[in-house]
Each structure stands twice: as C-alpha cells, then as structure tokens.
J.: 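What follows is a single structure, and I will ask about it in a moment.
Numbers restart at 1 for each chain; the letters A, B, ... are given by sequence-line order, proteins then strands.
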Amino acid sequence: MTARRVRTRIAPSPTGEPHIGNMYAALFCKAFAEEHDGQFILRIEDTDRTRYVPGAVQMLHDALTWLHLEPDEGPLTGGPFAPYTQSERLPLYHQLAEQLVTSGHGYYCFCTPERLAQLRAEQEARHEPSHYDRVCLHLSSAEVQERLRAGVPHTVRLRIPHEGSVTFDDKIRGTVTFDAHTLTDHILLKSDGYPTSHLAIPADDHLMEISHVIRAEEWLSSVPYYVLLYQAFGWQLPVFAHLPVLRNADRSKMSKRKNNTSVTWYRNQGFLPEAIVNFLALLGWSHPEGKEVFSFTEFRHLLTLERIVKSGPIFDTKKLEWMNGVYIRQLSVAELAERVQPFLETTTIERPYLERILPLVQERLRVLSEVSTALEPFVQDPDPTTLPFATAVKRVPLPELRQGLELATAALEQLITPDADQFEEHIRTLAAKLGWKAGDLFMGLRVAITGSSASPPLFAFCEAIGWERALHRLHAGIDALPTR
RNA sequence: GCCCCCAUCGUCUAGCGGCCUAGGACAUCACCCUUUCAAGGUGGAGAUCGCGGGUUCGAAUCCCGCUGGGGGUACCA
C-alpha cells in the first residue's frame with residue numbers, strides 16, 4: 001500500500017438544517033486533514049431526489065464556515081475534483097455500473113418495487129434476514145437484452161460472492177468481519193438513473209482520492225459493500241475510522257425530535273462556535289493531559305484516531321452551556337460587543353455605552369441571547385408597580401423599608417458629587433443605626449434601582465446608568481412603597 | 001428475526017496487568033468570598049468498573065459466555 005496525501009471528507013445530504021452530527025464528523029475530518037497538510041472536502045450526496053431541500057447546501061456551507069471548519073474543496077468552493085455534487089456526476093456512475101456488469105460483479109435487475117416489498121414482507125414473516133432472491137441474476141443474456149431494448153425499468157445490483165467473508169480494518173474499532181452470506185445484492189443504480197450511496201460513496205471516495213473515511217458509526221455496516229466494490233475495480237481502499245454516534249438522553253441516535261440538532265439553532269441561541277467545537281471535541285475524544293478547554297489548533301495537533309472512544313456519547317447541553325460561559329468570559333469587551341450585536345436588534349444601545357455596561361453582565365451570560373434581558377435594566381427604567389420588594393426583603397416591613405430608603409436617598413442627595421465608596425459608607429452606618437442587616441438596605445435599594453433582586457454590583461450599576469438616573473428610579477421606587 | 005458495534009460516577013471521560021482504598025470535568029450539595037446574582041475558591045456525596053466464568057502471584061485493564069444499549073437491515077443517506 002502506498003502512502004497517500006491525506007484527504008478527508010464529509011458527505012451530507014442536503015435534506016434540511018445542518019445537523020450537529022455532521023459538524024462533529026467535520027471537526028475530526030478537518031482537524032485530521034489540516035494537521036497532515038491535507039485537504040478537507042465537502043461533497044453533497046443528493047442522489048435521493050425525494051428528500052432534496054433547496055438552500056440546504058448553502059446552509060451546510062454557512063454552518064461549516066461559522067464553525068471555522070470550512071472545506072478546502074466543495075460545491076461552493078470548487079476544486080480539482082469538481083463537480084462535488086453527486087447529481088452532477090451521473091455519467092460517471094453509469095459508466096462504473098456498466099463496467100461492473102461487464103466484469104460480472106454486477107447485474108441488471110427488473111424486479112418492481114412492489115415485488116421487492118412483498119419479498120421483504122415474506123422474509124420478515126418467516127424471521128429470515130432480508131435478502132434479494134436473485135431471480136434477475138439467473139436471467140439469460142438474451143432475456144436481459146430483450147428487456148433492456150423494450151425499455152423495462154431496471155436497476156443494477158452488486159453481485160455478492162456466496163462464500164467467504166469480508167474483513168476490513170477500522171482505525172477506531174479494529175478488525176471488523178462480515179460473513180458474505182449475511183450480505184445482500186444491493187442496488188447500486190436506481191431505476192431513475194441515480195446511484196445509491198452504495199455506489200456513489202465508494203466511487204467518489206476513490207475518484208476524489210479520499211485517503212481517510214472518517215464518519216459516523218451508523219455507516220459501518222455498509223463498509224463491506226464498499227470493500228467488495230473496491231476489489232471489483234481494483235482500487236486502493238481508504239483508511240476507515242468510524243466515529244461514535246451522538247445520542248439523545250435516552251441513548252437513541254441524536255434526532256431532532258428529541259434534541260436540538262440544527263447548528264442554526266445553537267447559533268441563534270448564542271452559542272459561540274469556539275465553544276461548540278471545543279465541546280464536540282470532548283465527545284469521544286479526550287485531551288492527553290485531561291484539559292477541558294482548548295482551541296481547535298491545539299486539538300488538531302493532539303488528535304489521533306486511536307484516542308477516539310467507541311461508545312456513543314450523550315449530547316449533554318448542560319456541559320455545552322458551561323463551556324459557552326467559559327468562552328464568553330474569555331472575550332474582550334470589544335469582541336463581546338461585536339458578537340452580541342445580532343442579539344440586540346430590538347434595542348439600540350450606543351456602542352460606547354454598550355462597552356461600558358457589558359463587563360457588568362459578561363460573567364453572568366451563558367448564551368449570547370440572554371444579553372438583551374441582562375441589559376434591559378441598564379436601558380429601561382423599571383415599572384414601579386411591579387417591584388419585588390416584598391419577596392426580596394422579608395425581614396423589614398414595607399413601610400419601614402420605605403423610611404430606610406428615604407433616609408438613604410437623602411444621604412445620597414447630600415453628597416456633592418455622588419461617589420460609590422462614600423455612599424456605601426453612608427448605607428452601612430445607616431443600616432447599623434436602623435438595626436438592620438446591611439444586606440436588607442442594599443437589597444431595598446437594588447430592587448428600586450434595578451427592578452430586580454438579582455443584579456450586577458449595585459454601585460457599579462449606578463455609575464453605569466448615572467447617579468442622577470439612579471436617584472430618579474429610587475424616588476419612583478419609594479413612591480410605590482406603602483407609608484403604613 | 002438477522003448482521004455489526006459498544007459497556008468505568010446522573011452525564012462527558014482518564015485508565016491500555018500491579019502506581020486504583022478508580023482520577024478529572026459538567027451537573028448536584030455544603031461552606032468560603034460577598035450588598036444580591038454570577039464568577040471564583042474549598043470540601044462532600046456520587047462507579048460493588050453491567051453480570052458470570054476463566055487466564056494470572058495479581059484484572060477496570062486479557063479471553064469466553066450472558067445481559068443490556070446502540071446502529072444497520074430500502075430503487076434513504
């Protein structure tokens with residue numbers, strides 16, 4: 001076997017939203033290719049015309065780009081092996097299929113879908129494995145020619161050897177063996193002239209000189225068919241590495257019914273691409289030193305296929321959220337301001353002001369979409385009628401709280417220039433004088449000024465919105481409190 | 001049914017025959033810090049390494065069986 005330059009690929013179907021599982025495979029493919037000075041290819045498997053969704057290719061490409069996993073070659077990127085869309089490669093598959101028929105590794109089949117469905121039903125009823133019964137294999141060449149001439153709809157099937165077994169090596173799973181008699185004569189070319197994946201995938205992997213097929217384990221059982229095909233054509237087999245499949249909480253394969261599988265959803269929620277990539281890298285793979293937070297570049301340097309685990313991990317959103325928080329906190333204020341922009345469309349906040357208040361909420365954000373809610377108190381005066389005084393300050397009766405806040409307000413107004421340190425001193429002595437816990441007075445002020453019992457540090461908040469405005473809110477809050 | 005893959009705390013995982021009375025991270029609980037929330041710090045609880053047999057002086061680590069889970073089984077990918 002000759003050493004080849006490293007070329008990896010993902011081959012998704014354009015059937016809808018870009019799936020997180022595809023991105024997972026893309027991450028390993030991209031990292032592996034890039035680390036070995038190879039190429040990462042995006043190829044579109046659109047041979048099932050019934051499931052095609054317009055715009056899906058663009059979304060796929062956008063998702064990859066957003067995650068910084070852009071392909072080196074692909075339908076929207078171009079490349080020396082174009083076209084990268086299977087529906088544009090039909091003549092290639094026809095030629096290959098014919099070649100197979102000629103060499104005896106394939107044959108024409110004229111069975112109708114109805115007959116095949118019935119056959120399958122019968123076999124299932126008898127608890128037999130579902131196998132094509134090969135009636136068309138035994139057609140004489142005269143009969144075949146006759147039907148071909150008559151234009152009878154037909155497919156091309158792969159002829160599986162009766163005896164022996166198919167063995168191949170998987171970099172993650174080791175040696176895998178299938179007995180030939182458990183395999184069936186799969187259709188390679190459909191009657192609509194499109195290939196099935198059983199033909200298109202190995203054909204394109206070969207033609208595009210893919211060296212490492214790194215993809216999800218759900219594909220493992222179709223590998224023996226590829227091996228047979230590679231042998232029939234005399235092609236050199238790529239290296240296989242089957243990644244574990246991502247799972248739902250109930251351990252079934254991750255699906256959109258039970259999980260958010262669309263990359264777009266995560267993007268709209270305000271997950272950072274770096275966080276998603278880091279999180280994904282931790283599913284099935286672990287840093288040799290046990291690190292949890294690391295960059296794509298570091299991942300790529302350290303990645304070896306042997307270190308990937310075999311069992312399918314559950315996609316744990318809780319950990320993703322934590323990871324996202326870590327990355328948000330690492331951002332500079334300017335960067336954060338930039339990233340937060342798409343989530344602030346309804347509120348207009350001047351950039352300088354935004355950069356002043358952002359540090360106060362930064363460590364409280366888990367996802368970017370929380371930013372508008374988090375920033376609201378900085379922009380919008382609270383509604384005095386709904387202030388949660390009663391639940392936030394349980395130890396002090398409301399009329400007394402009102403008096404306390406009035407005294408605090410007076411103290412604040414007495415300051416020539418409002419100053420956080422001085423004000424805090426006043427608040428503490430005032431609390432002591434009243435016989436309150438300082439926290440209760442602070443909480444009363446907080447509720448009046450921020451409208452909530454949870455907020456960034458009170459005085460930093462006041463400085464951000466301006467003392468005058470804080471005073472204004474204080475007065476409004478006090479007015480909402482009962483006098484007796 | 002048949003084929004293939006898999007099996008360590010709730011979750012992600014470390015572990016590749018003795019260093020394991022099984023380590024880390026998320027989540028969870030407590031405490032500390034503290035004007036609240038968050039962040040951070042410390043500590044706790046949490047895994048008879050799915051079960052049963054072997055092999056070995058010695059097994060989470062190797063072998064076999066069972067059980068459980070997942071995937072595949074299409075003129076889907």
Side-chain angles (χ1 to χ4, degrees), chain A residues 11-15 45-48 50-51 109 111-113 116-117 120 123-131 153-157 170 172-174 176-179 181-184 186-192 194-198 200-201 216-224 242 244-245 247 249-253 279 282-293 306 309-323 325 329 360-366 374 392 424 427-428 431 437-447 450 452-459:
Chain A
S13 299
T15 54
E45 309 240 314
D46 59 344
T47 56
D48 184 352
T50 61
R51 296 204 305 159
C109 175
C111 293
T112 62
L116 296 174
R120 200 160 36 243
Q123 288 169 334
E124 197 171 323
R126 276 180 266 130
H127 298 299
E128 286 172 12
S130 143
H131 265 61
H154 61 274
T155 61
V156 174
R157 287 185 182 270
D170 185 278
I172 296 172
R173 276 147 226 288
V176 181
T177 302
F178 289 79
D179 280 335
H181 70 84
T182 65
L183 271 21
T184 181
H186 263 133
I187 288 174
L188 299 178
L189 205 57
K190 297 185 267 189
S191 59
D192 64 0
Y194 281 70
T196 63
S197 66
H198 288 116
I201 289 178
E217 196 206 328
E218 52 191 323
W219 291 96
L220 193 63
S221 44
S222 49
V223 176
H242 285 86
V245 306
R247 313 215 201 170
D250 65 3
R251 300 207 168 274
S252 57
K253 183 164 80 164
F279 173 69
L282 247 19
L283 295 180
W285 184 83
S286 57
H287 189 111
E289 291 161 26
K291 279 173 71 175
E292 302 274 336
V293 180
E306 290 76 10
V309 300
K310 304 176 185 54
S311 55
I314 290 171
F315 193 90
D316 178 11
T317 316
K318 278 275 175 292
K319 188 158 183 177
L320 208 209
E321 282 177 1
W322 163 76
M323 181 74 76
R329 275 171 248 131
L360 297 179
V361 301
Q362 182 165 19
E363 66 184 18
R364 274 154 258 262
L365 296 177
R366 282 171 313 149
E424 179 168 356
I427 294 306
R428 290 193 186 283
K437 292 203 167 217
D440 287 335
L441 226 201
F442 278 107
M443 187 50 89
L445 292 167
R446 180 190 324 283
V447 169
T450 71
S452 164
S453 59
S455 78
L458 225 208
F459 299 137

J.: Judged by atom type as modelled, is there a donor-acceptor pair below 3.5 Å linking the side chain of A:His131 to the main-chain atoms of A:His181?
T.: yes
J.: Rounded to the nearest 0.5 Å, what's the gap from CG on A:Asp192 to OG1 on A:Thr50? Could you check?
T.: 9.0 Å
J.: Within the 4.0 Å limit for protein heavy atoms, which parts of nucleotides 37-45 of chain B are touched? Write it as a string from 5' to 3', B for base, S for sugar-phosphate only, - for none.
T.: BBSS-----
J.: B:C76 and B:G69: how far apart are their C1' atoms, nearest whole angstrom?
T.: 24 Å
J.: Determine, for nucleotides 1-16 of chain B in 5'-to-3' order, which nucleotides have protein heavy atoms under 4.0 Å from the base (write B), from only the sugar-phosphate (write S), or from neither (write -).
T.: BSSSBSS---SBSSS-
J.: Using atom NZ of A:Lys190 as one end and atom C1' of B:C76 as the other, report the distance to the nearest whole Å.
T.: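 Rounded to the whole Å, the gap is 7 Å.
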J.: Which base sits across from B:C2 as a Watson-Crick or G-U pair, both distances under 3.5 Å?
T.: B:G72
J.: In whole angstrom, give me the gap between the P atoms of B:U48 and B:G43.
T.: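 To the nearest whole Å, 24 Å.
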J.: Under 4.0 Å, heavy atoms only, any strand: does A:Leu116 hit a base, just the sugar-phosphate, or nothing?
T.: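 If one applies the 4.0 Å heavy-atom cut-off, A:Leu116 turns out to touch a base.
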J.: Starting at CG of A:Asp46 and ending at C1' of B:A77, how long is that distance when rounded to a whole Å?
T.: 11 Å
J.: What is the minimum heavy-atom distance between A:Pro14 and A:Asp46, and which atoms define it?
T.: CG-CB, 3.7 Å
J.: How far does the P atom of B:A22 sit from the matching atom of B:G10, given to the nearest Å?
T.: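 Roughly 15 Å separates the two P atoms.
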J.: Going by purine N1 to pyrimidine N3 plus the second Watson-Crick contact, or the G-U wobble pair, all under 3.5 Å, which nucleotide sits opposite B:U28?
T.: B:G44
J.: If I pick the C1' atom on B:C20 and the same atom on B:A39, what distance separates them, to the nearest angstrom?
T.: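 Result for the C1' pair: 34 Å, nearest Å.
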J.: Under 4.0 Å between a side-chain nitrogen and a carboxylate oxygen: does that hold for A:Lys319 and A:Asp316?
T.: no
J.: Quick check: closest heavy atoms across A:Ala392 and A:Ser453, and the distance to 0.1 Å?
T.: CB-CB, 3.8 Å
J.: I need the NZ-C1' distance between A:Lys253 and B:G72, as an integer number of Å.
T.: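 To the nearest whole Å, that distance equals 9 Å.
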J.: Rounded to whole Å, please give me the gap between CE in A:Met323 and C1' in B:A25.
T.: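 It is 9 Å, rounded to the nearest whole Å.
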J.: Which whole number of Å gives the distance between the C1' atom of B:U28 and that of B:U35?
T.: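 It works out to 27 Å between them.
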J.: Quickly, which of A:Lys310, A:Arg173, A:Lys253, A:Arg247 forms a salt bridge (Lys or Arg N to Asp or Glu O under 4.0 Å) with A:Glu217? Name it, please.
T.: A:Arg173
J.: Name the nucleic acid region contacted by A:Pro14, choosing base, sugar-phosphate or nothing; use a 4.0 angstrom heavy-atom cut-off, strictly under.
T.: nothing
J.: What's the CG-C1' distance between A:Leu320 and B:A25, to the nearest Å?
T.: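 Computing the A:Leu320:CG to B:A25:C1' distance gives 14 Å.
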J.: Between the base of B:A77 and the side chain of A:Ser197, is there any donor-acceptor pair under 3.5 Å?
T.: yes
J.: Using the P atom in both, what is the distance from B:G70 to B:C33, to the nearest Å?
T.: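 Looking at atom P only, B:G70 and B:C33 are 48 Å apart.
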J.: Find which nucleotide of RNA chain B each of A:Asp250 and A:Thr184 is nearest to by heavy atoms, and output the residue with the more 5' nucleotide.
T.: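 It is A:Asp250 whose nearest nucleotide is closer to the 5' end.
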J.: Expressed in angstrom and rounded to an integer, what is the separation of A:Leu360 atom CG from B:U36 atom P?
T.: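 In whole Å, B:U36 P lies 16 Å from A:Leu360 CG.
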J.: For B:A7, give its Watson-Crick or G-U wobble partner with both distances under 3.5 Å, or none.
T.: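 By the stated definition (distances under 3.5 Å), B:U67 pairs with B:A7.
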J.: Could you give the distance separating B:A60 and B:G23 at their P atoms, to the nearest angstrom?
T.: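 Rounded to whole Å, the distance is 14 Å.
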J.: More than 12 heavy atoms of other residues, nucleotides or ligands under 6.0 Å from NZ of A:Lys190: is that the case?
T.: yes
J.: What is the nucleic acid contact for A:Thr47, judged by heavy atoms within less than 4.0 Å: base, sugar-phosphate only, or nothing?
T.: sugar-phosphate
J.: Taking only side-chain N and O atoms of A:Arg120, does any of them lie within less than 4.0 angstrom of OP1 or OP2 on B:C75?
T.: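 Indeed, a polar side-chain atom of A:Arg120 lies that close.
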J.: State, yes or no, whether a side-chain contact exists between A:Val223 and A:Val176 at a heavy-atom distance under 4.5 Å.
T.: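 A side-chain contact under 4.5 Å is absent here.
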J.: List for me each residue that meets salt bridge (Lys or Arg N to Asp or Glu O under 4.0 Å) alongside A:Glu424, sequence neighbours excluded, and say none if there are none.
T.: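 Partners of A:Glu424 under the salt bridge (Lys or Arg N to Asp or Glu O under 4.0 Å) test: A:Arg428.
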J.: Mind checking if A:Cys111 touches a base, just sugar-phosphate, or nothing, with heavy atoms under 4.0 Å?
T.: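 If one applies the 4.0 Å heavy-atom cut-off, A:Cys111 turns out to touch a base.
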J.: Could you state the interatomic distance from CE (A:Met323) to CZ (A:Arg366), rounded to the nearest 0.5 Å?
T.: 15.0 Å
J.: So, do A:Glu124 and A:Ser130 sit near enough that their side-chain heavy atoms are less than 4.5 Å apart?
T.: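 In short, these two side chains do not touch, never coming nearer than 4.5 Å.
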J.: Quick one: look up who B:U35 pairs with, Watson-Crick or G-U, both distances under 3.5 Å, and put none if it's unpaired.
T.: none
J.: Any heavy-atom pair between the side chains of A:Phe442 and A:Phe459 that's under 4.5 Å?
T.: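 Sidechains of A:Phe442 and A:Phe459: in contact.
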J.: CG of A:Asp440 versus P of B:U34: gap in Å, rounded?
T.: 18 Å
J.: Pick the closest RNA chain B nucleotide for A:Lys318 and for A:Trp219 by heavy atoms, then say which residue is nearer the 5' end.
T.: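 Closer to the 5' end of RNA chain B: A:Lys318.
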J.: Using the C1' atom in both, what is the distance from B:U55 to B:C62, to the nearest Å?
T.: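 It works out to 8 Å between them.
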J.: For the pair made of CZ in A:Phe442 and P in B:U35, what is the distance, rounded to whole Å?
T.: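 Value for this atom pair: 7 Å.
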